[in-house]
Each structure stands twice: as structure tokens, then as C-alpha cells.
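Side chains are part of it too, since the values below use all heavy atoms of this structure and drop only hydrogens, waters and symmetry mates. Chain identifiers are assigned alphabetically (A, B, ...) following the order of the sequence lines, protein sequences preceding nucleic acid strands; residue numbering begins at 1 within each chain.
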Amino acid sequence: MRDFKSIESKWQKIWDSCDDFHAVNMSKKPKYYLLVEFPYPSAQGLHVGHLRSYVALDIVARKRRMQGYNVLYPMGWDAFGLPTENYAIKNNIHPRTVTEQNVKQFKKQLKSVGISFDWKREINTTSSNYYKWTQWIFSKLFEKGLATKEETTVNWCSSCKCVLANEEVVGGQCERCGADVTQKKKKQWILKITKYAQRLIDDLKLVDFPDRVKTQQTNWIGRSEGAKISFPTNVGEDLTIFTTLPETIFGVSHIIVAPEHKFIDKFKDKIKNIDEVLEYRKKVSKVKKEERTDANKAKTGVKILGITAKNPVNGKEVPVFVSDYVLVDHGTGVVMAVPAHDQRDFDFVQKYKIEFISVMQENPETGKMEMINSDFLNGLDVISARKKIIEYVSEKKIGEKHVSYKLRDWIFARQRYWGEPIPIINCEKCGPVLEKNLPLILPDIENFKTSENGESPLCLTDWIHTKCPKCGRDALRETDTMPQWAGSSWYFLRYLDPENDECLASKESINYWMPVDWYNGGMEHTTLHLLYSRFWHKFLYDIGVVNTPEPYKKRTSHGMILGNNNEKMSKSRGNVVNPNDVVEEYGADVIRLYEMFMGDFEKSAPWSDESIKGCKRFLDKYWNLKDIVSDEPNIRENFVSDFNKTIKKVGNDIENLKFNTAIASMMDLIGKIKDSGQITREELKIFTILLNLFAPHVTSEIWETMGFEGNINFVEWPNYDESLISSEFKEIVVQINGKVRDTFLIDSDLDDEELIKKSKEQPKIKELIKNKQITKEICARNKLVNLVIN
RNA sequence: GCUGGUAUGGCGGAAUAGGUAGACGCAAGGGACUUAAAAUCCCUCGGUAGCGAUGCCGUAUCGGUUCAAGUCCGAUUACCAGCACCA
């Protein structure tokens, strides 16, 4: 019997005390840097979903070591964040204590599945020697003008008196107390990621990411070309609109300003119905952005009385409205409405009875859209009209071509305790000044609740009082902390040199290890973490800290593991699988194998308590191979060919994320070995190496028991003999009218003509084509013949 | 609503460039071993007609391209992930 418990704990102890998985900087071997998203150490403990990612790259890591690489496969903790803070508040424990407990639990769990992480490089975003460098990067961003304070809106719960994360707002109400959530204005730190928008799109060319990740990022950044055009008003200040369809300007029926737009405040004396407008603004502040722009939602708005605008191309006077489907932080916060060619504008005018005209029509002769009712644009196609109108407005200095991005700047401040302090001192005279003494330590406090005015609890401490480094006067520290994304935006650099106190990582270590060769993570991080970290890396590249414009050479994504009812695992659904229980019942090797076998790695797959048994049986069969080792070569037909095929397939499949079929081919081979009842020592050795990547414990035990030479962790990855793979005979499929009717074997390649001739000679085919007219004969890749008959 | 995906037996899933649909595993049924059970081993296993050889149908739905479609194209439906998104 395979006693997995004692085998696994034995090898885990050995790996813990040896340096096999420790990567050495500047080794002469070629480097290979494998990265998985480091976990947020939650109180729930490790999830089977974490393991899917970690085991997959553990397989690659073990393979690369056998292929002679110096492999870096590190692990750490992304430990700042809201859930820990909330847990701390609720249970009255310091978040640091909670974090320590959770990290301990996670680490124990990870070790129990035998993942070959380099534990000597463990990092933790909440330790001061780590966040010292997160703060340092912020300082550099501040120095370069990429970190500034700007007016933003936050979710505000007037009952809890605190700022809420989007996640904490459920159906427009506070998740905790159920009170209505409103939008409140607040000056906050933002990072100007939009300055990098174009490069973040362009440099996707440099990296090997799945297409779905690249398109998702490109669409998220959302480049659109259009024009800014100024509409003069009767109050002496222009309203500048942004449009992607400037050619439709002759069809403008009215102008819409976002309800929050400053223009309204500036000219409130001129607005006759200002009370109505402000009332509307108040109403809108309660509506979520997604709802505001929902195309199916009935359009609302208010006409601004007392202000009118003029269409700059034809001098026509147009009314001005406010409506919530125009967002203040998008484009210029003002749009021109063209109801004939925009559904939302059309819906709006239906309600407010505004007249409008069409400016495009299909030409009945050419079938193409062309301009009408548009003065000098008439008769032009859309593309030419766009070009011409942009030339026109530029010449008249009433507008210009403009590239707009959907990407918004990154709000980089949270009114929370459990995050990196922003190293800024607010001096009344000097404004915001950098704290030079890093790390700026997060002080220990006892009450983690936000204060009554919605500021971080840090504002209630003495810690905030300091002197301005510039002028020496009394000044206050910034009390907002960084968002949880900060630490994870550069962590892959800290692994290279985790103890360094002089810089975030030494130049040599960066030059040696970067870029990350293979980064695996979840699709859910495509547009936030993955983009943020690319942004930070590009910034570090610009200031000469790193040597590559992109941090990750290759990115892959794993699918989610669902509960056995095919739904997302969650406590409330009661379908959570605890890895501890599985390891206890079946062992680490089985859970590793099963998670890789359960389905296509890139797609989601439901957990099955039944299916996992197949993986246990497979390992039992493997364990028993040692009893049938023989000196005689296996005489089963095609055995050598099958064996070589398996070596090839396992190797290739791993590179292509096809772990499931790699395992299937090993299962297939073990069936063949068992059928023949024998295996040679050498064959068992090779099989053991292949399986070691997936099931390292049991294979290490067999390696030792059988007395195979060398350290299995560094044994040479087996080669296969291509000439032994192709079997002597090739099967040719014969179809008639696309349906398979017969097959036959050939022992050497034939040309198409001979193949067709031979196909027709097959007795069954001969019978079927008797007295029939053959109208077409197709021969494909020396593999298939198709005869088309009437 | 928007963006990106996904859809194949009872179930998880296989199927290099369009070329034998259902590899491998689970479950189920039958059998062997056993006093019995577990474990293990052997056989069957998409639907349908047939004793059988074999035929016909079948990859979410509808349509198209092709000698040939799970695979390519168009539309539809359902499900999953993300959302800051209309200009």
C-alpha cells in the first residue's frame, strides 16, 4: 500500500531543509523567472483555486530545473486591504495580528502540497522594509508630477459617516447599515496612468499575452479619435464638446452638460431655473455610473433656462440641457446631441420634444452612407466628411482633432488604516511636501474605525503632527493610505533582492532576472492589477530603475474552479472545498494531479469529489509498477513508439498549458504497461521523471527506493526519439461524399494518384462506386481520400 | 447596458493547419475473485433501427461557405468574468 501521509511528510521535510528550490542570483545557468499572483491572506485560508495556478507553474518550474535553468519561483503576501481591516474592527484585533495568523496558515497549507517555492525570498507588502519602497516609488511619481491631488467623487454613507468602496455599496445602499449612499466630492491623490495610455496599448506588441487579455486591455484603455469643438454661449464662455463623430455637427439639436459640470456653478446667477438644476444634480448623485449610462434606462434631464449655445458651423442657436447620461469625467463633460444618429440622443428628444434633422443618408445607387443637409459636407462619404470638418474647425480655430481615452486616472487614496501611509506632509505655506525619511511607519493604533468626518483613523493620532521639512513650521501628515493595489504593482522586483535596504532591488539582480518569463494569474486581474503593474514598471523604466519596458514576457490565465454544483464557490452557497480536507483524505500528489486533470486549464471547471478518485487510482497503479520491473524489454506491439510519444506529448503539453492531456497520455501509457505486465528499470525511471512534475512526493520515494542515480529535482529532462514515434503503417481514410466508408493501411508514402487508385480498389469502396459517376476526387495530406459521386 | 469569453455523451473533458467526433477519467450496468463487503481485474457504455454485418441521426439554435464544418463566416439563445465606459 502507498502510505501517502508518511511519504509526503518525509519529502516535505527534506525539501524544507535543502536548498534545491532556492534560486541564486547571478548564477551561470540561464535564468527562468516564474511568477504567480501572490495571495491576499484571508481568514478563509487557501482556496483550491489558488492551487490551480501555483501547481501549474510548479510543474513548469520543476521541468525548467531539469532542463538546466536557474529557476526563480517565489511566493509572498499581498496583505494590506479592506477585509482584514473590517475583520479587525469587528473582532477588535489589530490587523497586523490577523495578517500574521493568516500568513502562517497560508504558508502551512502551501507547504503541505509540495510546491517548490523559494521560501528564502518570501515577501510581505505590510512589512516596513517592503512598503518603504512602495512609498519610495510614490515619492518618485510625485516628483515627476504623476501623483497629484484632484477633486474626485467618493461613495459616502451618511449613517456610518465613512467613505465606502464600490464593493460595499449594494443596490445604492450601504452594505453594513442599509442607508442610502450618496456621491461626495473629495480632493484625493491620483496617479496619472492616462499619461501612459498610448504606451500601454502600443507595447502590448512586445509581449506574449493571450489575445483575449490584449483586447480586453486595449478596449479598457479605449482609444478613440474625434474632435473637440467649441460652442459659443450667450454668457461669454464657450462650451467645448468632445465627439467621435464630428461630421454630424450640422445635425446638432442641443447641447448636454454633465450635471456636475463646473460651468453650472460658474454661471448659476444666469440660470433662471438654478434650483431645478441643482435639485436634479442632487438626485443624480445617488445613481451609480453603470445605471446612468444604461441604454435601456429612460432618459432624464433638465433644460437650462437662460443659457443658449450657438452651433459654430452654421450659427444656429441650440438649447442647453443637463442629463445624467453625460459623465463629467469623460471627454469634456459636454456632448453635442445628434438625435438622428444616436439612440440615446433620440430617446432624449422624444421626451423633451426637440426638433432635429438627419445629416446622413444611404445613397440608393452606391448603397453607401453620405452626408446631407450639411452645407459644404453634402455628398461626401463619412470618412471624407470627418476629415473635412476637422480641417474646417482647425482652420477657423473653433476646434481641433483630439484623441480621447476611456482609461481614467487611478484614484490612489483610501480613508483607511490598513494600508501604506502616503509619505506626504501638508504644510499650509509649502503645500504638499515629501517625507524624506522612509519608511514612514504606519503607527499602531487601537481604534481602526474611520473618523466622523470620513477621514482615516490616522487623523485621530499624534502621529499626524510633524514639522514641514521645507520651512520647519508645524504641519500635518497626509492621513489617507494607499490602495491595496500599490504593493502588488511592483512585487515581482522585490523578490529579486528582498533584503536590500539601499534600493528596491540591486541593479545586477534586476538585470539578471528581469523580465518575468512567465506570469500566470486570473482573468479578473486583466484590467486592474495587470495594467497598474505595467504602468508602474514603465515609470520605473523611464527613471532608469529597471531595464525592460515591460515587466512580463508571457502571461497566461487559469480558469476558475467552481463548486460541484457548477456555481462559484462561496460560503453562502455551501459548496466550498477546503484543500486541507482533500490533502488529508487523498494526499498532496492526488490534489495536484486532479487540479491539473480536471479540465482545460484556461477554462473554468467544477470540482468533483468522484472524479478525483481516478487520479488516486492512477497513482496507486504507478506505485505498483515497481513490482513488475523486468530486465526483458517490453514486447508489446508499438510499445517503444508509445513510450516515446508520451515523453513528447507530456513535454509539449506542459508548454501549451494542456496539463489535462499530458496526464491523460500518462494514464494511457500506464494502461499499456499494465496490459503487458512488465516495465524495464530505465522505462520506470523515465516515467518517474515525467510524473515527478505533477506528483513530486511519490515519485521522489520511488526514485529513492529504486536506487536511481542523482537528485531527481535536477535530473536531465528525458529526450524522445522522433524516428521511433512514427509507426511503420499509416492508415488512410476513404470517404464517399464526405462520409467515412473504409480505411486501409499503407507502409510507405504514396502520391495522390496512387492513393486514389488504391482507394478505389478496396472491395467495399469498389462495390459502392460500381455504376456510379465519380465527379471529384480529393486527396488530403496523405491521410484521407474523398470520392464525390452522383 | 458595455467589454471580453464559453457552449461537445449521464458527468469532467479529447479532437496540430477544416479531414475517422467522443481520447483519458468519473458515474452507471454486467461479470470474475471473496463467506460477505471494500479494494482489484475483465466486458459494455451518444441516440436510433437491426439477431447481426451495418444503416440513419448527432458537437446550444437557425442559416451560410466548402468535396468535407465541433473547427471558418453571419444571426440568435444561454451561461461565465470584468466594469470606470456614451460622446
Side-chain angles (χ1 to χ4, degrees), chain A residues 1 166 210-220 222 224 226-227 241-246 256 258 288-297 325-327 329-338 342-345 404-411 522-528 557 559-560 562 564 566-568 594 597-600 602-615 617-618 620-621 624 652 656 658 660-668 671 674 731-743 775-781 783-789:
Chain A
M1 264 308 280
N166 284 341
D211 283 342
R212 64 188 200 279
V213 171
K214 285 190 182 183
T215 27
Q216 187 87 316
Q217 285 207 348
T218 306
N219 291 346
W220 177 263
S224 60
I241 60 100
F242 172 70
T243 175
T244 53
L245 306 169
I256 307 179
K288 272 182 101 177
K289 259 165 213 157
E290 292 145 58
E291 275 173 57
R292 281 175 62 162
T293 56
D294 191 332
N296 288 340
K297 198 202 67 163
Y325 74 91
V326 175
L327 303 175
D329 48 12
H330 203 92
T332 58
V334 188
V335 303
M336 61 179 207
V338 186
D342 184 295
Q343 187 61 45
R344 286 156 319 176
D345 294 343
S404 168
Y405 297 93
K406 291 181 188 172
L407 183 72
R408 292 201 330 219
D409 280 328
W410 176 7
I411 299 174
M523 264 322 268
E524 71 275 16
H525 288 121
T526 302
T527 50
L528 297 176
S557 277
M560 217 193 300
L562 306 170
N564 50 17
N566 232 316
E567 285 175 31
K568 197 172 171 170
Y594 175 60
F597 183 64
M598 67 195 305
D600 184 336
E602 298 186 87
K603 290 185 196 153
S604 63
W607 184 273
S608 163
D609 293 327
E610 296 297 334
S611 275
I612 195 171
K613 289 177 185 163
C615 293
R617 284 178 199 145
F618 169 62
D620 287 341
K621 284 179 198 165
N624 293 331
N652 290 348
N656 296 318
K658 300 289 175 196
N660 52 341
T661 50
I663 294 167
S665 72
M666 287 190 282
M667 287 174 164
D668 210 14
K674 287 197 55 115
E731 195 184 38
I732 301 297
V733 174
V734 189
Q735 297 183 331
I736 291 177
N737 291 346
K739 288 190 175 170
V740 180
R741 286 297 180 245
D742 205 1
T743 61
T775 55
K776 203 160 185 176
E777 295 167 343
I778 283 129
C779 193
R781 281 190 257 142
K783 196 176 170 187
L784 175 142
V785 169
N786 188 13
L787 304 172
V788 184
I789 62 172

I'd like to know if the side chain of A:N566 reaches the main chain of A:L562, judged simply by a donor and an acceptor atom lying under 3.5 Å from each other, with no hydrogens or angles considered. no

Output the single nucleotide from B:C24, B:C26, B:A15 whose closest atom is nearest the side chain of A:D668. B:C24

Starting from the 5' end of RNA chain B, give me the residue, A:K613 or A:Y594, whose nearest nucleotide shows up first. A:Y594

Measuring from the side chain of A:R741 (C-beta onward, heavy atoms only), which nucleotide among B:C67, B:G19, B:C56 has the closest atom? B:C56

Look up atom CE in A:M598 and atom CD1 in A:I663, then write down how far apart they are to the nearest 0.5 Å. 11.0 Å

RNA chain B stem ranges, 3 or more consecutive Watson-Crick or G-U pairs under 3.5 angstrom: B:1-7 with B:77-83, B:10-12 with B:24-26, B:28-32 with B:40-44, B:46-49 with B:54-57, B:60-64 with B:72-76

Separation of B:G22 atom P from A:D600 atom CG, nearest Å, is 20 Å

Can you check the distance between B:C45 and B:G10, where both ends of the measurement are the C1' atom (answer in whole Å)? 10 Å

Pairs under 3.5 Å (N/O, protein and nucleotides 29-33 of chain B):
none

Rounded P spacing from B:U6 to B:G13 in Å: 14 Å

Strictly distance-based, threshold 3.5 Å: is any side-chain N or O of A:D345 a donor or acceptor partner for the main-chain N or O of A:V338? yes

Figure out the NZ/P separation between A:K739 and B:A21, and round it to whole Å. 11 Å

A:F597 to A:N660 - nearest heavy-atom pair and separation: CD1-O, 3.6 Å

Would you indicate what A:Q216 reaches in the nucleic acid, counting non-hydrogen atoms under 4.0 angstrom: base, sugar-phosphate, or nothing? base

Conformer about C1'-N of B:A15 - syn within 90° of 0, anti elsewhere: anti

Might you work through the side chain to side chain contact (heavy atoms under 4.5 Å, CB included) test for A:K658 and A:D600, ending with a clear yes or no? CA-CA 7 Å; A:K658 300 289 175 196; A:D600 184 336; 3.7 Å; yes

Identify whether any heavy atom of A:L407 sits under 4.0 Å from a base atom; if not, whether one sits that close to sugar-phosphate; answer base, sugar-phosphate or nothing. base

Just how far is it from atom CG of A:D668 to atom OG1 of A:T661, taken to the nearest 0.5 Å? 11.5 Å

Across the strands shown, which category fits A:N786 at heavy-atom distances under 4.0 angstrom: base, sugar-phosphate, nothing? base

Using a cut-off of 4.0 Å on non-hydrogen atoms, how would the nucleic acid contact of A:K658 be classed: base, sugar-phosphate, or nothing? nothing

Protein-nucleotides 44-49 of chain B N/O pairs under 3.5 Å:
none

Distance col, row A:K613:NZ vs A:D620:CG, nearest 0.5 angstrom, shows 13.0 Å

Main chain of A:S608, side chain of A:Y594: is a donor-acceptor contact present, judged purely on distance under 3.5 Å? yes

For B:A27, does either OP1 or OP2 sit under 4.0 Å from a side-chain N or O belonging to A:R617? yes

A:N660 has an atom CG; how far is it from atom C1' of B:C26, in whole Å? 15 Å

Calculate the interatomic distance between A:N624 atom CG and B:C41 atom P; express it in whole Å. 9 Å

Which part of the nucleic acid, if any, lies within reach of A:V788 when heavy atoms closer than 4.0 Å are counted: base, sugar-phosphate only, or nothing? sugar-phosphate

On RNA chain B, more 5' by nearest nucleotide between A:F242 and A:A664 is A:A664

Which heavy-atom pair separates A:M667 from A:G614 by the least distance, and what is that distance? CE-O, 4.2 Å

Just label B:G9 as syn or anti from its O4'-C1'-N9-C4 or O4'-C1'-N1-C2 angle, using within 90° of 0 for syn. syn

Is the phosphate of B:C83, meaning OP1 or OP2, less than 4.0 Å from a side-chain N or O of A:R408? no

If we take the C1' atom in both B:G58 and B:U8, what is their distance in whole Å? 10 Å

Side-chain donor or acceptor of A:E731 under 3.5 Å from a matching atom on the base of B:U20? yes

Hey, what do you get for CG (A:L787) to SG (A:C779), rounding to the nearest 0.5 Å? 9.5 Å

Closest non-hydrogen contact found for A:S557 with A:G522 is OG-C, 4.0 Å

Determine the Euclidean distance between corresponding C1' atoms of B:C80 and B:C72; express it in Å to zero decimal places. 24 Å

Mind checking A:V326 for me? I need base, sugar-phosphate or nothing, with any heavy atom below 4.0 Å counting as a touch. base

Here the gap from A:R741 atom CZ to A:I736 atom CD1, rounded to the nearest 0.5 Å, amounts to 7.0 Å

Rounded to the nearest 0.5 Å, what separation is found between the OG atom of A:S611 and the CG atom of A:N564? 11.0 Å

Mark yes or no for a side-chain to base donor-acceptor pair under 3.5 Å between A:Q735 and B:G19, with no hydrogen or angle criteria applied. yes

Within the 4.0 Å heavy-atom criterion, would you say A:S608 contacts the bases, only the backbone, or no part of the nucleic acid? nothing

Can you check the distance between B:C56 and B:A75, where both ends of the measurement are the C1' atom (answer in whole Å)? 30 Å

What is the distance from CG of A:N656 to C1' of B:A17, rounded to the nearest Å? 15 Å

Taking CD from A:E567 and P from B:C80, how many angstroms apart are they, rounded to a whole number? 8 Å

Residue pair A:N786 / A:G738: nearest heavy atoms and the distance that separates them: OD1-N, 3.0 Å

Using a 4.0 Å heavy-atom cut-off across all strands, classify A:E777 as base, sugar-phosphate, or nothing. nothing

At under 4.0 Å between heavy atoms, what does A:F618 touch on the DNA or RNA strands: base, sugar-phosphate, or nothing? nothing

Would you say A:Q216's side chain and A:T527's backbone share a donor-acceptor pair under 3.5 angstrom? no

Atom pair distance, as rounded to whole Å: CE in A:M667 and C1' in B:A14: 13 Å

Name the closest nucleotide to the A:N566 side chain, picking from B:C83, B:C56, B:G12. B:G12

Taking any heavy-atom pair under 4.0 Å as a contact, classify A:M560: base, sugar-phosphate, or nothing. sugar-phosphate

Measuring only the P atom in each nucleotide, how far is B:G19 from B:A38? A whole number of Å is fine. 44 Å

Side chain of A:P606: nearest nucleotide among B:G25, B:C67, B:G13? B:G13

Expressed in angstrom and rounded to an integer, what is the separation of A:N219 atom CG from B:A81 atom P? 20 Å

Please give the distance between the C1' atoms of B:A36 and B:U44 as a whole number of Å. 26 Å

Expressed in whole Å, how much space separates the P atoms belonging to B:C43 and B:U77? 48 Å

Distance below 4.0 Å between A:K603 side-chain N/O and B:A7 OP1 or OP2: yes

Closest listed nucleotide, where the reference is the side chain of A:K568 and the choices are B:G25, B:A27, B:G82: B:G82

A:T526 side chain to A:V213 main-chain N or O, any donor-acceptor pair under 3.5 Å? no

